[in-house]
Every structure is written in C-alpha cells, then in structure tokens.
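Taking it in order: structure first as structure tokens, then the write-up.
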Amino acid sequence: MLSSIKLSPSSFTSTGFLPKRRSIPTPQFSPLPIIKSLHSAFPTQSFSSQKPLHVASIDNLAIPKNTQQRKTECQAYEADRSRPLDINIELPDEDARLEAAKRIKIGIYFATWWALNVVFNIYNKKVLNAFPFPWLTSTLSLAAGSLLMLISWATRVADAPKTDFEFWKTLFPVAVAHTIGHVAATVSMSKVPVSFTHIIKSGEPAFSVLVSRFLLGDSFPMPVYLSLVPIIGGCALSALTELNFNMTGFMGAMISNLAFVFRNIFSKKGMNGKSVSGMNYYACLSMLSLLILTPFAIAVEGPQLWAVGWQKAVSQIGPNFVWWVVAQSVFYHLYNQVSYMSLDQISPLTFSIGNTMKRISVIVSPIIIFHTPVQPINALGAAIAILGTFLYSQAKQ
C-alpha cells in the first residue's frame with residue numbers, strides 16, 4: 001500500500017533537520033533503513049509502526065545553496081516482509097525456448113499425421129476390396145484434395161499462394177515422383193494386405209540413405225549404414241514369410257519407396273527460399289499430380305471398367321461405399337498436407353524417419369480391423385525392420 005509524505009517548508013526545514021539528524025542502524029538483511037517512531041516524529045500522519053517502510057523514490061533531495069529551506073517528497077510503501085526473499089531464478093535462453101516450441105510443434109504435426117494416415121489406410125483398403133481399381137482410386141484422392149484447397153482459397157479460409165512459372169517448373173519433378181509413389185502404393189495395397197505393404201515401405205530410410213549417398217554425394221557415419229542391415233533384413237524376412245505374397249504388390253511397395261524418397265528430396269529443395277507454405281505447396285503438388293495422373297488412369301483402366309465396378313460395389317456394399325470413397329480421398333489429402341507442414345521445418349531424412357515410425361500403428365491397426373492372419377516369423381521380420389528404423393534414428397542424432 002503506497003503512502004505519500006509531503007512536507008511543507010514550515011514543518012520541515014533544513015535548519016531544524018541537520019542538527020538532529022542521526023544515523024539509524026540498518027539491518028543486515030535489508031538494503032533500506034527501517035523508519036521507527038513515526039508517530040512521535042509526525043503526529044499528524046497516520047502510519048503503522050508494525051511494518052517497515054521501504055522507500056520507493058525521493059525527489060529534490062539535494063539542498064540548494066541559495067536557500068535555507070527545501071521541500072522533500074518521499075514515497076514509500078508498507079512491506080509485508082522486511083527481509084527480501086533470496087530467490088535465484090534463471091530465465092531460459094531465447095534460442096532454447098524457440099527450439100523447445102519448435103519440437104512441440106513438430107511433435108503435434110507427427111501425431112496428427114500418423115492418426116490421419118491410419119484412418120486413410122483403413123478406408124482405402126475397404127474401397128480397394130470392393131472396387132479394385134487403384135488408378136481411379138488414386139485419381140479421386142488427388143481430385144478431392146485439389147477441390148478442398150480451391151474452395152479454401154476461394155472462401156479465403158486459406159491464403160492463396162503467389163506462384164510463377166519458375167515455381168511450377170521446379171514443382172514438376174516433385175509431382176512426377178509423387179504421382180508414381182502414390183499410384184504404386186495404391187496398386188500394392190490392392191494386391192496384398194495393408195500391413196505387408198507398409199512393412200516393405202518401412203525400408204524407405206535405406207532408399208533415402210542410398211540415394212543421398214550415391215546421387216547427392218552425402219556421407220553418413222558408419223552406425224547409420226549398420227542400422228540399414230536390420231531394416232533390409234526385416235523387410236526381406238517378412239516378404240519371404242508373407243502368406244498372401246504377390247509380386248505386383250511387393251514391387252509396387254518398392255517403387256513407392258524409391259519415388260517418395262525423390263519426392264521428399266525434390267520437395268525440400270523446391271521449398272527452400274520459397275514463400276509458399278507447406279500446406280499450399282502440397283495443394284499445388286496435388287493439382288499438378290492430378291493433371292499428370294488423369295490421362296494415365298483413363299488409359300490403363302478406362303471409364304467402362306469404372307462404371308461396371310462402381311455398380312457392383314454399390315450393389316454389394318450399399319450407400320456406405322460412397323462414404324468410404326469420400327473418406328479415403330479426404331483423409332489422404334489431410335494426412336499428406338500435415339506431413340508437408342512437417343517437411344516444411346525438418347530435413348528429408350528426418351521426414352523419412354517419422355514416416356517409418358508411423359508404420360508401427362499403420363501395420364498393427366489393419367491387422368486388428370481386417371483380421372489379417374500373421375505368422376510369428378512374419379511378425380518377427382516386421383519387428384526387426386522397426387528396430388532397425390529406431391537404430392537408424394538414434395544413429396542420425
């Protein structure tokens with residue numbers, strides 16, 4: 001509680017003050033003197049002598065040489081405790097706080113990315129079981145994402161990116177790699193269980209290291225290369241013991257691995273120095289991939305086969321089939337969009353690590369939902385591959 005002491009010249013003069021001034025002992029635990037006997041010194045003021053007063057500020061304390069009087073204004077407050085607390089609080093460094101916030105943000109991105117990916121894979125497999133046309137299914141996924149982003153830009157929910165010809169020129173090889181990887185993965189899942197596709201796709205770090213080493217000239221420490229041994233060995237063991245092994249499904253997963261590694265590398269290079277955010281970058285990528293994929297999908301499968309297959313699926317499943325198609329298309333765009341928001345802030349190799357770690361949930365959840373039979377040695381191969389991925393992530397730190 002603040003109190004203000006104002007002394008007029010008639011009540012407090014320098015001639016009456018100087019002879020009577022005496023030193024007041026200062027306690028060792030307080031940097032300011034404790035004012036005592038305030039009632040006797042200033043009978044007209046109301047103070048509490050039970051609590052010490054800490055002086056807040058003193059103005060005009062100096063005595064002018066040309067006058068015998070002065071006016072002093074003293075502001076003080078009653079302290080709840082006369083002894084200051086001896087607390088040493090170390091504030092975190094600004095760079096450390098920013099780094100911690102970035103890690104939390106990336107962690108949220110990864111968790112959301114993995115959850116959306118699980119939902120997509122479940123609905124995607126449902127659609128492919130009833131409608132075995134992976135080229136059209138892949139096209140619908142890209143079309144749904146493109147439509148969502150166009151609506152977002154038109155309604156100003158999201159700011160439209162400012163692009164030029166150079167941007168689309170740089171994006172083109174990324175779109176080609178993304179289209180190949182997307183179709184190859186969908187073809188694989190149409191031929192083999194989702195769990196097997198993702199066990200093979202867990203070997204993506206091996207492709208990433210090999211491509212970075214031999215094509216980009218990057219070098220890695222020996223523990224990184226050694227961690228690839230269990231990854232490759234686990235994938236090979238799972239492939240050899242897969243009950244529903246299919247060569248088309250196996251090759252589709254392998255091609256998808258290689259294509260997505262190039263996509264991630266090209267994407268990181270294309271996003272450096274660009275003002276386009278990760279979300280808008282993937283939106284533009286989806287639109288360009290849609291233009292690339294559509295004519296190939298028509299040539300490979302064709303509208304006539306699509307019409308027959310659609311009627312058959314609707315007659316067997318009912319209206320829920322339409323919902324399955326919409327769900328797999330929308331969730332495909334959402335999980336990829338979040339993954340690109342992550343790629344906007346991490347390296348391609350870190351992205352590959354996160355992409356591989358998510359496969360634990362993606363491998364387990366379809367086995368539970370679709371009751372996929374798994375041999376113990378097949379599960380052992382998957383566990384070895386995942387362990388290799390963990391060792392790889394540790395070696396990269």
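These numbers were taken from a predicted model, which means no experiment stands behind them.
Judged by distance alone, with hydrogens and angles left aside, the side-chain atoms of S315 form a donor-acceptor pair with the main-chain N or O of K312 at under 3.5 Å. Under the 3.5 Å distance criterion, the side-chain polar atoms of S212 are left unmatched by any main-chain donor or acceptor of D218. Using modelled atom types, one side-chain atom of E301 and one backbone atom of L136 make a donor-acceptor pair closer than 3.5 Å. Looking at H182, its side chain does come within 3.5 Å of a backbone N or O of S138 through a donor-acceptor pair. Using modelled atom types, no side-chain atom of S208 and backbone atom of E204 make a donor-acceptor pair closer than 3.5 Å. Side chain of S190 to backbone of V187: a donor-acceptor contact under 3.5 angstrom is found. Between the side chain of K125 and the backbone N or O of M189, at least one donor-acceptor pair lies under 3.5 Å. A distance-only check finds no donor-acceptor pair linking the side chain of T186 to the backbone of P134 [under 3.5 Å].
In this structure, CD1 on I367 lies 11.0 Å from NE2 on H198, to the nearest 0.5 angstrom. Here CH2 of W306 is found 8.0 Å from CG of L140. Values are rounded to the nearest 0.5 Å. The CD1 atom of I265 lies 8.0 Å from the CG atom of L215; values are rounded to the nearest 0.5 Å. For the atom pair OG1 of T112 and CD1 of I108, the computed distance is 7.0 Å after rounding to the nearest 0.5 Å. Between the CG atom in L171 and the OH atom in Y282 there is a gap of 11.5 Å [rounded to 0.5 Å]. Atom OG1 of T179 sits about 7.0 Å away from atom CG of L285, to the nearest 0.5 Å.
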- Item | CA sep, side-chain torsions, deciding dist, call: I199, N378, side chain to side chain contact (heavy atoms under 4.5 Å, CB included) | CA-CA 10 Å; I199 290 173; N378 186 266; 4.2 Å; yes
- Message: Run V127 and F321 through side chain to side chain contact (heavy atoms under 4.5 Å, CB included) and show every step you take.
- Response: CA-CA 7 Å; V127 171; F321 174 73; 4.3 Å; yes
- Message: Please determine whether side chain to side chain contact (heavy atoms under 4.5 Å, CB included) holds for the pair V330 and L334, giving the CA-CA distance in whole Å, both sets of side-chain angles, and the decisive distance to 0.1 Å.
- Response: CA-CA 6 Å; V330 172; L334 292 178; 4.0 Å; yes
- Decide yes or no on side chain to side chain donor-acceptor pair (under 3.5 Å) for W153 and N280, but give the supporting numbers first. CA-CA 10 Å; W153 293 340; N280 284 335; 3.1 Å; yes
- Task: Show your working on side chain to side chain contact (heavy atoms under 4.5 Å, CB included) between Y281 and V174 and close with a plain yes or no.
- Result: CA-CA 11 Å; Y281 187 90; V174 184; 3.6 Å; yes
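A pairwise comparison of heavy atoms in G203 and C235 identifies N-SG, 3.9 Å as the closest pair. Nearest heavy-atom pair, T372 versus S195, reported as atom, atom and distance to 0.1 Å: CG2-OG, 4.3 Å. When all heavy atoms are compared, the tightest approach of M149 to A283 is CG-CB, 3.3 Å. S152 and T155 get closest at one heavy-atom pair: O-OG1, 3.5 Å. The minimum heavy-atom distance between L237 and T241, with the atom names listed, is O-OG1, 2.8 Å. Minimum heavy-atom separation, A259 to I180: CB-CG2, 4.0 Å.
Residue I151 belongs to a hydrophobic cluster whose other members are L147, with links defined by side-chain heavy atoms closer than 4.5 Å.
The side-chain heavy atoms of P173 and R263, taken from C-beta on, include no pair separated by under 4.5 Å. With contacts defined as side-chain heavy-atom distances shorter than 4.5 Å, the pair W310/V325 qualifies. In this structure the side chain of F245 never reaches within 4.5 angstrom of the side chain of V192, judged on heavy atoms. Here the side chains of C284 and F167 are in contact, with some heavy-atom distance below 4.5 Å. Annotation: side chain of P193 is not in contact with side chain of P366 (no heavy-atom distance under 4.5 Å). Side-chain contact between I384 and L387 is absent, with no heavy-atom pair separated by less than 4.5 Å. Side-chain contact check for F196 versus N244: every heavy-atom pair is 4.5 Å or farther apart. Taking the side chain as every heavy atom from C-beta outward, L142 and H333 never approach each other to under 4.5 Å.
D159 CG: 12 or fewer foreign heavy atoms inside a 6.0 Å radius. Around CD1 of I377, the count of heavy atoms belonging to other residues, nucleotides or ligands within 6.0 Å does not exceed 12. The number of heavy atoms from other shown groups lying within 6.0 Å of NZ (K191) does not exceed 12. For F296, the CZ atom counts as loosely surrounded, since its 6.0 Å shell holds 12 or fewer non-hydrogen atoms of other residues, nucleotides or ligands. Heavy atoms of other residues, nucleotides or ligands lying less than 6.0 angstrom from CH2 of W323 number 12 at most. No more than 12 heavy-atom neighbours from other residues, nucleotides or ligands sit within 6.0 angstrom of CZ on F172. Heavy-atom neighbours of Q304 CD from other residues, nucleotides or ligands within 6.0 Å: at or below the threshold of 12.
With no hydrogens or angles considered, no side-chain donor-acceptor pair links T137 and Q328 at under 3.5 Å. Counted by atom type alone, S188 and T197 present one or more donor-acceptor pairs between their side chains at under 3.5 Å.
Residues W168 and F266 are members of one and the same hydrophobic cluster, defined by side-chain heavy-atom contacts under 4.5 angstrom among Ile, Leu, Val, Met, Phe, Trp and Tyr. When hydrophobic clusters are built by joining Ile, Leu, Val, Met, Phe, Trp and Tyr residues whose side-chain heavy atoms come closer than 4.5 Å, directly or via intermediates, V176 is grouped together with V300. No path of Ile, Leu, Val, Met, Phe, Trp and Tyr side chains, each step under 4.5 Å between heavy atoms, connects V118 with I360, placing them in separate hydrophobic clusters. Placement of V364 and L243 in two distinct hydrophobic clusters is found when ILVMFWY residues are connected by side-chain heavy-atom separations under 4.5 Å, directly or transitively. Hydrophobic clustering places I386 together with W113 (ILVMFWY residues linked when any side-chain heavy atoms are closer than 4.5 Å, directly or through intermediates).
Ring centroids of F120 and Y123 are separated by 6.0 Å or more, keeping the two rings apart. Aromatic ring centres of W324 and F131 lie farther apart than the 6.0 Å criterion allows.
Using bins of under 30°, 30° to 60° and over 60° for the plane-to-plane angle, the ring pair Y332/Y335 lands in the perpendicular bin.
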Donor-acceptor pairs under 3.5 Å, side chain of residues 246-258 to any protein atom, not counting sequence neighbours: which ones?
from	atom 1	to	atom 2	distance (Å)
N246	OD1	T248	N	2.9
N246	OD1	G249	N	3.0
S256	OG	G181	O	3.1
S256	OG	K201	NZ	2.7
N257	ND2	I200	O	3.0

